[in-house]
K.L.:
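Got a structure for you, questions after.
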Amino acid sequence: MSDLLARHRAVMPNWLALYYNEPIEIVSGKGNRVVDANGKSYLDFFAGILTNMIGYDVAEVRDAVERQIATGVVHTSTVYLLRGQVELAEKIARLSGIPDAKVFFTNSGTEANETALLLATYARKTDQVLAMRQSYHGRSFGTVAVTSNRSWKNNSLSPLNVHFLHGADRHLTQFRGMNDEQYIAACVDDLRHVLATAVGGDVAALIAEPIQGVGGFTMAPDGLFRAYREVLDEQGILFISDEVQTGWGRTGSAFFGIQNHGVTPDMMTFAKGLGNGFAVGGVVARGDLMDNLHAVGLATFGGNPVAMAAANATLDYVLDHDLQANAAKTGAIIIEGLREAAPRLPVVGDVRGKGLMFAVELVGPDGSPSPELAAAFMEETKKLGLLAGKGGLYGHTIRMAPPLTLTEEEAREGLGIIVTALENL
């Protein structure tokens, strides 16, 4: 065991998971590749859990951060005007499509979702919230309450009264064999039944990931959330789209994941990739919802000048280089290649994804979920020089989300490594 690993285990909590039998320390990066402490290079298909959105050592981001640091001001708090914060909020409000939108910046997706839940429950004067089965929205008290994955829930205590809906669980017996239209109809029937039986009085909001991250990139068929929204609108229930992993063009087919459903939500939460590694999150919401709170509020670190410099530069880079189109193009190379290879690979139970957000479910000979194969796959790709991630309700899903700057050559290289690793299982 390395000295650093021993020191880690001595002072860090044992629930702080590390990948690989022999965990690695990443010491440098350039483009879409990183290098570990032993000098081994990897093509990065997990991007710091979807956070290094445009890769490593990006001159535009580095220069913006260095210019801000050179001013001597790395922090002021939100009790003073922050030019970079205003400029970024203007861009996000415009891109969101939400009418009269306003933006509040936080440090993480967890904190962003907490803020959205506060806005919704305050506006609707109720603690009742709808969420999706298999969801993940963060590690805090409130966000764990709307998380529906037992592996990520430490207790049943909750500040919210939560009811969970179907929408990304087509593997269940009652939904097998249904086409998209039939599945959407069944899920909408269930939503109406929940509202008629399980809740008491008004419901604040539905919070949902367009593509479930920790859930293993499971996703509702396009159109489900539009159908849900029609039912929610009948009772004035708000809709929060958790775009922490699906935002900024990653799905290729839309700039925000929820737009694949033809829906404009009341609020969207975001984080991860926007700062390309710098801590930034936030909520963009209808102005009346954002302005509604009566108590004074601020964010000590949320929207700090350095994070705003990085985020403005990152978002400008995404837009100037049309990385949404690149995600669609390079993602198609990988997803289509995996689907082509899947029939000859008995360990593959499913291939799914949109753009540069794709997953492979690994199964045993009887078709049951195999977390053991997922662990073995991780070791294989490590040996072959590619970083991937794990997830899924049963821990058997490999989820991958390379930087949006991935080239076609790198996409084919990564596809080859993935297929080789699957062949070696």
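All figures in this text were calculated on a predicted structure; none of them were measured in a lab.
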K.L.:
Any side-chain heavy atom of Pro221 sitting closer than 4.5 Å to one from Ile184?
P.N.:
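A side-chain contact under 4.5 Å exists here.
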K.L.:
Taking Asn161's backbone N and O only, do any of them form a donor-acceptor pair with Gln128's side chain (distance below 3.5 Å, no angle check)?
P.N.:
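Pair absent, no side-chain N/O of Gln128 close to backbone of Asn161.
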K.L.:
Applying salt bridge (Lys or Arg N to Asp or Glu O under 4.0 Å), name anything that partners Glu114, two or more places apart in sequence or on another chain.
P.N.:
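Glu114 satisfies salt bridge (Lys or Arg N to Asp or Glu O under 4.0 Å) with no residue once adjacent residues are dropped.
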K.L.:
CZ of Arg139: more than 12 outside heavy atoms within 6.0 angstrom?
P.N.:
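At most 12 heavy atoms, drawn from other residues, nucleotides or ligands, come within 6.0 Å of this atom.
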K.L.:
Indicate yes or no: at least one non-hydrogen side-chain atom of His321 is less than 4.5 angstrom from one of Thr405.
P.N.:
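Heavy-atom side-chain distance check fails, nothing below 4.5 Å.
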K.L.:
Quick one: are Ile240 and Val283 in side-chain contact, heavy atoms under 4.5 Å?
P.N.:
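They are not in side-chain contact.
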K.L.:
CD of Glu340: more than 12 outside heavy atoms within 6.0 angstrom?
P.N.:
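12 or below, so no.
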K.L.:
Answer yes when Arg62 and Asp57 have at least one side-chain N-carboxylate O distance shorter than 4.0 Å, and no when they do not.
P.N.:
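Answer for the salt bridge query: yes.
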K.L.:
Within the 4.5 Å heavy-atom criterion, are Val199 and His163 side-chain neighbours or not?
P.N.:
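Touching, per the 4.5 Å side-chain cut-off.
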K.L.:
Hey, does the side chain of Arg286 reach the backbone of Asp266 with a donor-acceptor pair shorter than 3.5 angstrom?
P.N.:
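Not a single qualifying donor-acceptor pair exists.
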K.L.:
Any side-chain donor-acceptor pair under 3.5 Å between Ser108 and Glu111?
P.N.:
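The answer is no; no qualifying pair exists.
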K.L.:
In the structure I gave you, are the side-chain heavy atoms of Arg250 and Leu50 within less than 4.5 Å of one another anywhere?
P.N.:
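The answer is yes, as the side chains (C-beta and beyond) meet within the 4.5 Å cut-off.
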K.L.:
What are the two closest heavy atoms between Leu315 and Ile92, and how far apart are they?
P.N.:
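Distance-wise, the nearest heavy atoms are CD2-CG1, 4.3 Å.
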K.L.:
Measuring from atom NZ of Lys390 to atom NE2 of His396, what distance do you get when rounded to the nearest 0.5 angstrom?
P.N.:
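Atom-to-atom, Lys390:NZ and His396:NE2 are 12.5 Å apart.
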K.L.:
Does the structure place the NZ or CZ of Lys30 under 6.0 Å from the centre of the six-membered ring of Tyr56, at an angle of no more than 45° from the ring's axis?
P.N.:
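Pair Lys30/Tyr56 does not count as cation-pi.
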K.L.:
Is a donor on one side and an acceptor on the other found under 3.5 Å between the side chain of Glu380 and the backbone of Leu425?
P.N.:
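The answer is no, because no donor-acceptor pair under 3.5 Å joins these two groups.
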K.L.:
For atom CD of Glu22, decide whether the heavy atoms of other residues, nucleotides or ligands shown that lie under 6.0 angstrom number more than 12.
P.N.:
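Incorrect, the count does not exceed 12.
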K.L.:
Would you tell me whether Asp36 and Tyr42 have side-chain atoms, one donor and one acceptor, within less than 3.5 Å of each other?
P.N.:
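Asp36 vs Tyr42: donor-acceptor pair found between side chains.
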K.L.:
So does Leu95 have more than 12 non-hydrogen atoms from other groups sitting under 6.0 Å from CG?
P.N.:
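Enclosed.
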K.L.:
Is it the case that more than 12 heavy atoms not belonging to Glu409 sit under 6.0 Å from its CD atom?
P.N.:
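Check fails, neighbour count at 12 or below.
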K.L.:
Do the non-hydrogen side-chain atoms of Tyr228 and Cys187 ever get within less than 4.5 Å of each other?
P.N.:
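Heavy-atom side-chain distance check passes, below 4.5 Å.
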K.L.:
Is any side-chain heavy atom of Arg133 closer than 4.5 Å to one of Leu165?
P.N.:
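No, their side chains stay 4.5 Å or more apart.
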K.L.:
Verify the neighbour count for atom CG of Asn155: are there more than 12 heavy atoms of other residues, nucleotides or ligands below 6.0 Å?
P.N.:
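Yes.
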K.L.:
Given side chains that start at C-beta, do those of Ile207 and Asn113 come closer than 4.5 Å, heavy atoms only?
P.N.:
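Yes, close enough: below the 4.5 Å cut-off.
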K.L.:
Counting neighbours of CD on Glu423 that are heavy atoms of other residues, nucleotides or ligands and sit closer than 6.0 Å, is the number greater than 12?
P.N.:
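Enclosed: over 12 neighbouring heavy atoms sit under 6.0 Å from CD of Glu423.
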K.L.:
Side chains of Asn149 and Gln134: donor-acceptor distance under 3.5 Å anywhere?
P.N.:
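Distance-only check fails for Asn149 and Gln134.
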K.L.:
Which value, rounded to the nearest 0.5 Å, describes the distance between Phe270 atom CZ and Trp248 atom CH2?
P.N.:
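Spacing of CZ (Phe270) from CH2 (Trp248) equals 5.5 Å.
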K.L.:
Within the distance-only criterion (no hydrogens, no angle test), does the side chain of Asp169 pair as donor or acceptor with the backbone N or O of Leu172 below 3.5 angstrom?
P.N.:
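Side chain of Asp169 to backbone of Leu172: no pair is present.
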K.L.:
Give a yes or no on this: more than 12 heavy atoms of other residues, nucleotides or ligands lie within 6.0 Å of atom CG of Asp100.
P.N.:
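No, not enclosed.
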K.L.:
Could you measure the distance from the CZ atom of Phe255 to the CG atom of Asn260? Nearest 0.5 Å is fine.
P.N.:
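Those atoms lie 13.0 Å apart.
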K.L.:
Under a 3.5 Å threshold, yes or no: a donor from one side chain and an acceptor from the other, between Gln212 and Thr218?
P.N.:
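Yes, because at least one side-chain N or O of Gln212 sits under 3.5 Å from a partner of the opposite role on Thr218.
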K.L.:
Begin with the C-alpha distance, continue with both residues' side-chain angles, and end with the deciding distance and a verdict on ring pair (Phe, Tyr, Trp, His ring centres under 6.0 Å) for Phe175 and His166.
P.N.:
CA-CA 10 Å; Phe175 301 128; His166 299 289; 5.0 Å; yes
K.L.:
I'd like to know if Glu234 pairs up with Arg192 as an ion pair, taking the criterion as any Lys NZ or Arg NE/NH1/NH2 lying under 4.0 Å from an Asp or Glu carboxylate oxygen.
P.N.:
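Yes, Glu234 and Arg192 are salt-bridged.
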K.L.:
Under a 4.0 Å threshold between the charged nitrogen and the carboxylate oxygen, would Glu87 count as salt-bridged to Lys91?
P.N.:
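Answer for the salt bridge query: no.
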K.L.:
Quick one: does Glu379's side chain have a donor or acceptor within less than 3.5 Å of a partner on Asn21's backbone?
P.N.:
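Yes; at least one donor-acceptor contact below 3.5 Å.
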K.L.:
Can you list every pair that meets ring-ring contact (aromatic ring centres under 6.0 Å, His included) and has a residue in residues 95-124, with sequence neighbours left out?
P.N.:
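Residue pairs passing ring-ring contact (aromatic ring centres under 6.0 Å, His included), neighbours aside: Tyr122-His294.
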K.L.:
Working to the nearest 0.5 angstrom, can you tell me the gap between Trp152 CH2 and Leu393 CG?
P.N.:
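If we round to the nearest 0.5 Å, Trp152:CH2 and Leu393:CG are 12.5 Å apart.
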